Amino acid sequence: MYACYADSGYLRFTYEATDFSPAKAYDYIIIGGGTAGCPLAATLSESYSVLLLERGSSFNKSVLYERNVFQNLLAANDNDSPVQTFVSEDGLQNARARILGGGSMINGGFYSRADDYFYNNAGIEWDMGAVERAYEWVENSIVTRPTRLNRFQTSFFNGLLESGVDPDNGFTFDHVQGTKIGGSTFNDSGIRHGAVELLNNANPENLDVLVHAMVDRVIFSTSDSLGN
Ligand SMILES: Cc1cc2nc3c(=O)[nH]c(=O)nc-3n(C[C@H](O)[C@H](O)[C@H](O)COP(=O)(O)OP(=O)(O)OC[C@H]3O[C@@H](n4cnc5c(N)ncnc54)[C@H](O)[C@@H]3O)c2cc1C
C-alpha cells in the first residue's frame, strides 16, 4: 500500500463503527486510538481482550508526507479531516488530532525520550527495565535517526547554540540540557511513521479497533447486562 502502511496488518481487525455490532464483552475498552491508545491496546492485547474506539478515520493519505504538515493544519474542518481545530478554555485557537494514530499522525515528528524529572516526580514506582524495552520497541518500530538536517533545521540548531543553549549534544534520544539532534518519526524520504503502526504488533485474536466511533459518555455499572 503506502510506505508507512507497508505492513498494515492492523486493518484486519479495524472496522467502521456502523458496520460492527460487538456481541461480546471486553476486558478493556480504550477510548481514543491516538499516540497513547494504540500502543496501550497492542500491549494489553497480549494477555487481554481489548476494544479500541477512535472517532476519526483509519487512514488519510495526506498525513503521510512531511511536506503536508502545515497544509493539514490549515485544512482542518468540522467533518472528517485528520486535524480538528478548537478553541482552548483560555481562548487560544489550537489544533488536535482526529485519526487513528492520533497526534503522531499530524504532528511535527520530533521524537525524544522523557525527562528524568518526569520519572522522579510522577509518583509512580517505575519498572525502568520495562520502560527501556518500551522505548526500544517504539524507536525500532517508527523512529528514524536523521542522517542530515535540512536548511531550516540547520539554521535552528545553529541559532540555539549561538544564543547560548549549550552544550551541543549531537544526536541523542535522551532528554538533555542544551541543543541536540533528536529522533524523527519521518524517515529520510519525508514519509511519516506513527503510533498506528504499533497496532501491527497486537494479538489480532484479542483486539477489535473501531473507527468513526465517537464516545459520547461512559456508563459505569456494577452488574453486567445479564444482571450478574
Ligand atoms: C500540530 C502539533 C504538532 C506537534 N508536534 C510534536 C512533535 O514534533 N513532537 C512531539 O513529541 N509532540 C508533538 N505534538 C504533541 C503530540 O503529538 C501529542 O502530545 C500526543 O500526540 C498526544 O498523545 P495522546 O495519546 O495523549 O493524544 P492523541 O494522540 O491526540 O490521541 C487522542 C485520540 O483520541 C481520539 N478521541 C478524542 N475524543 C474521543 C472520543 N470522545 N471518542 C473517541 N475517540 C476520541 C482523537 O481522535 C485522537 O485520535 C504536536 C501536537 C500538535 C497538535
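These numbers were taken from a predicted model, which means no experiment stands behind them. Throughout, residue positions are numbered sequentially from 1 according to the sequence presented. Indexing begins at 1, ligand by ligand and atom by atom, following the structure's order. For the numbers below, each heavy atom of this structure counts, side chains included, while hydrogens, waters and symmetry mates do not.
The aromatic rings of Tyr119 and Tyr135 lie perpendicular to each other, with more than 60° between the two planes, well past the 30° mark. Between Phe156 and Phe152, the ring planes lie parallel to each other; the angle is under 30°, not in the 30° to 60° tilted range.
With hydrogens left out, the protein atom closest to atom 43 (C) of ligand 1 is Ala213 O, 3.3 Å, a heavy atom. Of the protein's non-hydrogen atoms, Thr35 OG1, 4.2 Å is the one closest to atom 22 (C) of ligand 1. Nearest non-hydrogen protein atom to atom 42 (N) of ligand 1 is Val215 N, 2.9 Å. Nearest protein heavy-atom contact of atom 53 (C) of ligand 1 is Ala95 O, 3.5 Å. For atom 46 (C) of ligand 1, the closest heavy atom belonging to the protein is Arg55 NE, 3.4 Å. Among all protein heavy atoms, the one lying closest to atom 5 (N) of ligand 1 is Gly108 N, 3.0 Å. At the shortest separation from atom 31 (O) of ligand 1 among protein heavy atoms lies Gly34 CA, 3.2 Å.
Close N/O approach between Ile31 and ligand 1 is not found [any backbone or side-chain N/O within under 3.5 Å]. Among the atoms of Ile99, some N or O lies under 3.5 angstrom from an N or O of ligand 1. Of the N or O atoms in Gly101, none lie within a sub-3.5 Å distance of an N or O in ligand 1. Ligand 1 has a nitrogen or oxygen under 3.5 angstrom from a nitrogen or oxygen of Ala36.
Under a 4.0 Å N-O distance rule, the pair Arg192/Glu197 does not qualify as a salt bridge.
Considering Val83, Asn107, Val218 only, the shortest heavy-atom separation from atom 51 (C) of ligand 1 involves Asn107. When the heavy atoms of Leu100, Leu73, Leu210 are ranked by distance to atom 1 (C) of ligand 1, first place goes to Leu73. Among Tyr111, Phe186, Phe70, Phe110, the residue whose heavy atom lies nearest to atom 10 (C) of ligand 1 is Phe110. The option from Gly103, Ala17, Gly32 that lies nearest to atom 34 (O) of ligand 1, judged by heavy atoms, is Gly32.
Looking only at side-chain heavy atoms (C-beta outward), Val138 and His193 stay at 4.5 Å or farther from each other.
Numbered from 1 in the order shown, with element, the atoms of ligand 1 that lie under 4.0 Å from a heavy atom of Gly102 read 29 (O), 49 (O). Less than 4.0 angstrom separates some heavy atom of Arg98 from each of these atoms of ligand 1: 47 (O). Within the listing of ligand 1, atoms 43 (C), 44 (N) sit less than 4.0 angstrom from a heavy atom of Leu53.
The nearest protein heavy atom to atom 19 (O) of ligand 1 is not closer than 4.0 Å. By the definition of a contact as any protein heavy atom under 4.0 Å away, atom 27 (O) of ligand 1 is not in contact. For atom 15 (C) of ligand 1, the protein comes within 4.0 Å by no heavy atom at all.
Although no hydrogens or angles enter the test, the distance criterion places no donor-acceptor pair under 3.5 Å between the side chain of Asn60 and the main chain of Ser81. Looking only at distances, no side-chain donor or acceptor of Asn68 sits under 3.5 Å from a matching main-chain atom of Asn72.
Under a 4.0 Å heavy-atom criterion, Glu54 is in contact with ligand 1.
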